[in-house]
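For reference, the structure is listed below as structure tokens.
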Amino acid sequence: MPKVRFIKENLEVEVPPGTTILQASRAAGAPEGDRCGGVCACSTCHVYVVRGFDNTSEIEDEEFDILDKATDVRMSSRLGCQAKIQGDIDVELSDESFEAFCDEHPDQKERAKALRSRA
Ligand code: FES
């Protein structure tokens with residue numbers, strides 16, 4: 001099964017092929033935002049696939065359109081709710097996504113910050 005590593009939080013999880021990065025972050029306990037509920041409408045699940053980009057599904061037009069609205073977009077940018085995992089990858093959550101998670105989950109904000117500071 002593919003391994004997904006969330007590098008800033010130093011978390012790792014194995015998931016079946018076809019799992020989205022957002023689903024993997026939930027399984028790992030990584031603080032990734034998902035304001036629209038994973039329907040490609042908000043960009044708060046914006047991540048960077050810093051290793052193994054080719055081990056993710058193709059980017060569809062709809063994802064490009066939403067990424068256009070994201071901040072600090074890079075060549076490695078993906079929407080976590082759209083990118084399906086096909087092999088081992090390393091993922092960095094964008095600051096945008098981390099901050100969205102903290103806004104959405106105030107009860108988990110301290111844990112999320114602690115995860116980031118230990119990496
Ligand atoms: Fe909103 Fe991915 S969770 S676009």
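Counting starts at 1 for both ligands and their atoms, in listed order. Remember, predicted model here, so these are calculated numbers, not experimental data.
When hydrophobic clusters are built by joining Ile, Leu, Val, Met, Phe, Trp and Tyr residues whose side-chain heavy atoms come closer than 4.5 Å, directly or via intermediates, L79 is not grouped with V73. Follow the hydrophobic side-chain contacts under 4.5 Å out from I21 and you never reach M1; the two are in separate clusters.
Around atom 2 (Fe) of ligand 1, the protein N, O or S atoms found under 2.8 Å comprise C45 SG, C81 SG.
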Can you give me every donor-acceptor pair (side chain of residues 28-45, partner residue at least two apart or in another chain, under 3.5 Å) with its distance?
residue: E32; atom: OE1; partner: S25; partner atom: OG; Å: 2.8
residue: D34; atom: OD1; partner: R26; partner atom: NH2; Å: 3.4
residue: D34; atom: OD2; partner: R26; partner atom: NH2; Å: 3.3
residue: S43; atom: OG; partner: E96; partner atom: OE2; Å: 2.9
residue: T44; atom: OG1; partner: R35; partner atom: N; Å: 2.9

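A cation-pi arrangement is present between R116 and F98 under the rule of less than 6.0 angstrom and at most 45 degrees off the ring axis.
Checked for salt-bridge contact, D90 and R5 meet the test: a charged N lies under 4.0 Å from a carboxylate O.
More than 12 heavy-atom neighbours from other residues, nucleotides or ligands sit within 6.0 angstrom of CD on E12.
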